[in-house]
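Data block below; observations after.
Quick note on labels: first sequence line is chain A, next is B, and so on, each numbered from 1.
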There are 2 protein chains.
Amino acid sequence: MPASTLIAFEARKTPVQERAAATVQAIFEATIQVLLSHGADRLTTTRVAERAGVSVGTLYQYYPNKQALLFAAFDKHMEEVCARIEIVCDGACRKPLGEMIAQVVEAYVDAKVGRADISVALYHVAAEVGGPAVIKRTTQRLRKALEAMLETAPNLKVPPDKFAVEVMLAAISGAMRSALEAGASPAMMRKLREHLVLLCQSYMAAVTAAQA
Amino acid sequence: MPASTLIAFEARKTPVQERAAATVQAIFEATIQVLLSHGADRLTTTRVAERAGVSVGTLYQYYPNKQALLFAAFDKHMEEVCARIEIVCDGACRKPLGEMIAQVVEAYVDAKVGRADISVALYHVAAEVGGPAVIKRTTQRLRKALEAMLETAPNLKVPPDKFAVEVMLAAISGAMRSALEAGASPAMMRKLREHLVLLCQSYMAAVTAAQA
DNA sequence: ACCTGAACACCGTTCAAGT
DNA sequence: ACCTGAACACCGTTCAAGT
């Protein structure tokens with residue numbers, strides 16, 4: 001996506017002194033706290049500033065607007081999920097295709113379920129906050145990690161193409177979103193985890209068979 | 001979901017005279033028009049009222065709040081998608097499993113792509129408007145239609161269970177959301193349509209094999 | 001360089017008054 | 001029964017003044 005899509009959410013000013021860096025961090029954490037305690041609708045810039053122990057004016061010195069606050073929280077969450085999956089991809093090189101897929105899917109589900117409350121809160125604000133752009137970027141990054149892993153799969157002449165990997169990622173995240181927003185129980189989540197593994201494995205098998 | 005989740009979005013008052021019914025309809029249509037022309041962020045109750053040719057007060061006589069306006073639009077859209085798929089399910093009875101799946105997936109993709117602009121606009125407001133509840137209800141309704149169809153599949157001792165059908169629906173809608181929000185081209189959409197058919201077919205095949 | 005908070009603009013919602 | 005629009009409350013954002 002064009003840089004301009006994101007620039008409106010970027011920090012307005014970079015802190016140069018230490019107390020300023022602490023302020024920025026405090027505001028960031030306050031955002032997540034207010035998001036979780038009051039919910040997205042009742043998240044107010046004044047309330048966040050209050051919680052962070054600064055005035056609204058200070059908040060606006062570092063975040064250009066309310067969206068930027070939530071964007072930062074969303075971006076960080078996606079970054080964490082990404083990082084976990086990249087590690088798994090690294091560790092699953094040269095294993096059989098089915099196991100690769102299982103590990104990635106399980107890592108994704110676990111990362112989301114482990115942060116279920118934040119995930120749900122962020123789904124709620126994603127749209128107003130440039131969520132699609134972040135998701136697009138995240139998808140590209142995950143696709144690359146998956147492709148690097150899939151390259152090393154034994155018994156696989158041609159690895160699945162870009163498109164198939166993206167479809168798989170969208171299917172996983174869509175199903176997870178649905179379950180998390182519906183407030184699925186831990187038992188449900190375990191079952192969903194198994195089913196998503198099966199779904200992705202059979203899709204990947206079908207795609208690679210079709211390509212051969 | 002509990003009725004109370006939805007009740008806040010229901011009409012405050014039912015029109016009894018004809019001009020009132022016309023007013024309600026005008027407000028509903030104005031909502032969609034403003035949504036498409038100005039975007040979700042710049043949709044204002046005053047603007048909707050203006051476009052509908054009434055005053056804000058009148059708007060609030062029939063819709064309890066801004067969310068209710070958007071809820072109505074979202075609900076109607078889902079209703080249309082549902083209806084189209086139910087018809088397809090009806091027509092695909094007794095056909096082979098693979099074809100059933102293909103027809104349903106294609107109907108879903110076509111319904112969404114045919115209304116791409118509205119879909120994207122509604123994704124943007126879904127969260128603030130009780131979207132998850134509507135989606136949950138829609139999923140139940142579609143699941144029933146799919147189950148009725150799957151019952152009639154030849155060469156299938158045990159049809160896929162509830163859970164698998166719901167996972168499949170969530171995967172489809174998640175992948176479509178991702179593509180629509182990313183502004184995928186018509187060519188991309190055609191390719192995605194084929195891939196989703198393959199994904200769902202192979203998942204259903206795997207699930208029914210595992211159950212046997 | 002960083003912080004404050006009163007002031008401004010805008011928008012969702014209401015309600016007394018009209019037909 | 002239905003409609004109007006000025007008035008109110010609240011919230012995002014700014015900016016002149018402070019340390």
Six-ring centre of A/Phe28, A/Lys76 cation under 6.0 angstrom, axis tolerance 45°: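 No, a cation-pi geometry is absent between A/Lys76 and A/Phe28.
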Tell me: [atom1] of [X] to [atom2] of [N], nearest whole Å?
{"X": "A/Gln17", "N": "C/dC3", "atom1": "CD", "atom2": "P", "value": "8 Å"}
{"X": "B/Arg19", "N": "D/dC2", "atom1": "CZ", "atom2": "P", "value": "7 Å"}
{"X": "A/Leu69", "N": "D/dT13", "atom1": "CG", "atom2": "C1'", "value": "12 Å"}
{"X": "A/Ile27", "N": "C/dT4", "atom1": "CD1", "atom2": "C1'", "value": "13 Å"}
{"X": "B/Glu18", "N": "D/dC3", "atom1": "CD", "atom2": "P", "value": "13 Å"}
{"X": "B/Gln61", "N": "D/dC2", "atom1": "CD", "atom2": "C1'", "value": "6 Å"}

Report yes if the side chains of B/Met189 and B/Leu180 come closer than 4.5 Å at any heavy-atom pair, otherwise no.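 Sidechains of B/Leu180 and B/Met189: in contact.
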Please determine whether a side-chain nitrogen of the Lys or Arg among [X] and [Y] lies less than 4.0 Å from a carboxylate oxygen of the Asp or Glu.
{"X": "B/Glu80", "Y": "B/Arg115", "value": "yes"}
{"X": "A/Asp110", "Y": "A/Arg193", "value": "yes"}
{"X": "A/Arg143", "Y": "A/Glu147", "value": "yes"}
{"X": "B/Lys144", "Y": "B/Glu86", "value": "no"}
{"X": "B/Arg190", "Y": "B/Glu106", "value": "no"}

For DNA chain C, what dot-bracket results from Watson-Crick or G-U pairs at under 3.5 Å, with [ ] for crossers and | for inter-strand partners? ||.|||||...|||||.||
Any donor and acceptor pair, going by atom type alone, linking the side chain of A/His124 with main-chain N or O of B/Ala127 inside 3.5 Å? yes
DNA chain D-proximal residues of residues 37-57 of chain B, any heavy atom under 4.0 Å: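 Hits under 4.0 Å, by residue number: B/Val54, B/Ser55, B/Gly57.
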Are a donor atom and an acceptor atom from the side chains of B/Glu29 and B/Gln33 found within less than 3.5 Å of each other?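 No, B/Gln33 and B/Glu29 have no side-chain donor paired with an acceptor closer than 3.5 Å.
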Closest to the B/Asn65 side chain: C/dT13, D/dC2, C/dC2? C/dT13
Nearest-neighbour nucleotide for the B/Tyr60 side chain, D/dA1, C/dC2, C/dT13 considered: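 When the side chain of B/Tyr60 is considered, C/dT13 is the closest of D/dA1, C/dC2, C/dT13.
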Side-chain N,O (A/Tyr63) to OP1/OP2 (D/dT13) below 4.0 Å: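 Checking A/Tyr63 against D/dT13: no side-chain N or O falls below 4.0 Å of OP1 or OP2.
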